[in-house]
A.B. asks: 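Dropping a structure here in structure tokens format, bear with me for questions.
Start at 1 and go down the list; that is how both ligands and their atoms are numbered. Position 1 is the first residue of the sequence, and the numbers go up from there. Heavy-atom basis, side chains included; hydrogens, waters and symmetry copies ignored.
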Amino acid sequence: MEQWGFYFDQTRCVGCKACVIACKSWNEDKRGDALINPELSWIENDKYAEPRDLENPTDSDGSLNFEENSKYHMKENWRNVTTQEYGTVLPNVDVLHLSISCHHCAKPACTAVCPTHFVYKDSDKGLVRTDPQKPCLSCRACQRNCPWKSPQFYDDYIDVGESSERIRMTKCTLCVERIGEGLKPACVAACPMRALDAGPIEQLKAKYTQHSESVRNFESDEKSMSYKPNIIFKKKEIKSR
Ligand code: SF4
Ligand code: SF4
Ligand code: SF4
């Protein structure tokens, strides 16, 4: 098995969330909210000029469009970008962004606790995937056990009646169809700063020789790292003068 994973360069990321939008858009047919309610399948590529417009859509008078905005926030986030500010007095201020999804861990915390093996680790690229042939009990054990809360659920947000679709967990697939065709994952391809990369983890480690196993704000205590997340980083040092 050739284990795949991610590289994230914290010195390049500007927190624009193009990666998040690309993931939502590319995987729209696989995410639960859009699957069970087609009206939530709302992304129109020519409607918003910038990724940020998708997160904060406005009306023609510039005010926030709450209906569109709430649709954005309904979507499961297979990829997440967080931002932390540092310092209070110029010029000693800085900001650090972190863009992460599932790390397709070598010893996944999620698969270990899934009672039905709905979430499993594949033997080809080591991807942690879901098996549509198995039931998901919606017990959320996988999400609770994952230090990065990567598995996502959608039944909190919408009234789906008796639909059996409501009980499924969804998660990052590492864009398995894209990488099977020799393409980069949608999030990697969309990043305007080239802050993300994906591939066989040993190749990434050889390519990015100065990498580190963690960065500030990445959950990396002893227990988390025991799951062996397949992600490496380039660290950004905080400005201090
Ligand atoms: S990883 Fe790239 S696309 Fe994502 S927020 Fe950072 S700069 Fe933007
Ligand atoms: S990051 Fe979380 S969901 Fe992904 S493989 Fe690791 S434990 Fe499982
Ligand atoms: S690899 Fe694909 S599924 Fe995973 S976060 Fe990136 S775009 Fe989303």
A.B. asks: Please list the nearest protein heavy atom to atom 3 (S) of ligand 3 with its residue and the distance rounded to 0.1 Å.
C.D. replies: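 For atom 3 (S) of ligand 3, the nearest protein heavy atom comes out as N27 ND2, 3.4 Å.
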
A.B. asks: Identify, by atom number and element, the atoms of ligand 3 in contact range of T173, meaning under 4.0 Å from any of its heavy atoms.
C.D. replies: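 Checking each atom against T173, I get 3 (S).
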
A.B. asks: Less than 3.5 Å apart, any donor N or O on the side chain of K149 or N80 sitting next to an acceptor on the other?
C.D. replies: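 No, no side-chain donor-acceptor contact under 3.5 Å.
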
A.B. asks: Need the ligand 3 atom indices (1-based, order shown) with element for anything under 4.0 Å from a heavy-atom of C172.
C.D. replies: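 Those of ligand 3 that fall under 4.0 Å from C172 are 1 (S), 3 (S), 4 (Fe), 5 (S).
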
A.B. asks: For the backbone of C102 and the side chain of W148, can you confirm whether one donor and one acceptor N or O come within less than 3.5 Å of each other?
C.D. replies: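 Pair absent, no side-chain N/O of W148 close to backbone of C102.
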
A.B. asks: Which of the numbered atoms in ligand 3 are under 4.0 angstrom from any heavy atom belonging to C23?
C.D. replies: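 Under 4.0 Å from C23, ligand 3 has these atoms: 3 (S), 5 (S), 7 (S), 8 (Fe).
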
A.B. asks: Using a 4.0 Å cut-off to any heavy atom of S101, which atoms of ligand 3 qualify?
C.D. replies: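 By the 4.0 Å cutoff, the relevant atoms are 5 (S).
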
A.B. asks: Taking the six-membered ring for Trp, is the centroid-to-centroid distance between F233 and F218 below 6.0 Å?
C.D. replies: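 For F233 and F218, the ring centres are under 6.0 Å apart.
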
A.B. asks: Enumerate the atoms of ligand 3 whose separation from the nearest heavy atom of P185 is less than 4.0 angstrom.
C.D. replies: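 Counting atoms of ligand 3 from 1, those under 4.0 Å from P185 are 1 (S).
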
A.B. asks: If only atom types and distance count, is the side chain of D122 paired as donor or acceptor with the main-chain N or O of L127 below 3.5 Å?
C.D. replies: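 Side chain of D122 to backbone of L127, a donor-acceptor pair under 3.5 Å: yes, one is there.
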
A.B. asks: Rounded at 0.5 Å granularity, tell me how far CZ in R140 sits from SG in C114.
C.D. replies: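 One finds 14.0 Å between CZ of R140 and SG of C114.
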
A.B. asks: Is it the case that the side chains of D197 and Y208 hold a donor-acceptor pair, with the cut-off being a distance below 3.5 Å and no angle test?
C.D. replies: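 There is such a pair (donor and acceptor under 3.5 Å, judged by atom type) between the side chains of Y208 and D197.
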
A.B. asks: Roughly how far, to the nearest 0.5 Å, is NZ of K125 from CD1 of I179?
C.D. replies: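 Those atoms lie 5.0 Å apart.
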
A.B. asks: Can you check whether A141's main-chain N or O pairs, donor with acceptor, with N145's side chain at less than 3.5 Å?
C.D. replies: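 Flag not set: sc N145 to bb A141 has no pair under 3.5 Å.
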
A.B. asks: Against heavy atoms of G15, which atoms of ligand 1 measure under 4.0 Å?
C.D. replies: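 In order of number, 5 (S), 6 (Fe).
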
A.B. asks: Nearest 0.5 Å, please: how far is CG in N217 from OH in Y86?
C.D. replies: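 Reported value, rounded in 0.5 Å steps: 3.5 Å.
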
A.B. asks: What part of F6, side chain, backbone, both or neither, has a heavy atom within less than 4.0 angstrom of ligand 3?
C.D. replies: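 Within the 4.0 Å criterion, F6 contacts ligand 3 through side-chain atoms alone.
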
A.B. asks: If you leave out waters, which protein N, O or S atoms are less than 2.8 Å from atom 6 (Fe) of ligand 2?
C.D. replies: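 Those protein N, O or S atoms (cut-off: under 2.8 Å from atom 6 (Fe) of ligand 2) are C105 SG.
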
A.B. asks: Which of the numbered atoms in ligand 2 are under 4.0 angstrom from any heavy atom belonging to P151?
C.D. replies: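 The atoms of ligand 2 under 4.0 Å from a heavy atom of P151 are 3 (S).
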
A.B. asks: In Å, rounded to the nearest 0.5 Å, how long is the span from CE of M1 to OG of S123?
C.D. replies: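 Here the interatomic distance stands at 8.0 Å.
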
A.B. asks: For H97, is there any backbone N or O sitting under 3.5 Å from a side-chain donor or acceptor partner on Q10?
C.D. replies: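 Yes; judged by distance alone, with no hydrogens or angles, the pair exists.
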
A.B. asks: What atoms of ligand 3 come closer than 4.0 angstrom to any heavy atom of R79?
C.D. replies: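 Listed by number with element, the hits are 5 (S), 6 (Fe).
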
A.B. asks: Give the total of protein N/O/S atoms at a distance below 2.8 Å from atom 2 (Fe) of ligand 1.
C.D. replies: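 Every protein N, O or S atom under 2.8 Å from atom 2 (Fe) of ligand 1 counted, the figure is 1.
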
A.B. asks: Taking atom CZ of F118 and atom NZ of K134, what is their separation to the nearest 0.5 Å?
C.D. replies: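 The NZ atom of K134 is 10.5 Å from CZ of F118, to the nearest 0.5 Å.
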
A.B. asks: Regarding D9 and R194, does a basic nitrogen lie under 4.0 Å from an acidic carboxylate oxygen?
C.D. replies: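 Salt bridge: no.
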
A.B. asks: Give the residue, atom name and distance (to 0.1 Å) of the protein heavy atom nearest atom 2 (Fe) of ligand 3.
C.D. replies: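 The answer is C175 SG, 2.3 Å.
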
A.B. asks: Regarding R129 and T173, is there a side-chain donor-to-acceptor distance under 3.5 Å anywhere?
C.D. replies: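 No, no side-chain donor-acceptor pair sits under 3.5 Å.
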
A.B. asks: At a 4.0 Å cut-off, with the gap strictly under it, does some heavy atom of W78 reach an atom of ligand 3?
C.D. replies: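 Yes; W78 lies near enough to ligand 3 that a heavy-atom distance drops under 4.0 Å.
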
A.B. asks: Do Q143 and K171 pair up side chain to side chain, a donor and an acceptor below 3.5 Å, judged on atom types alone?
C.D. replies: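 There is no such pair between these side chains.
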
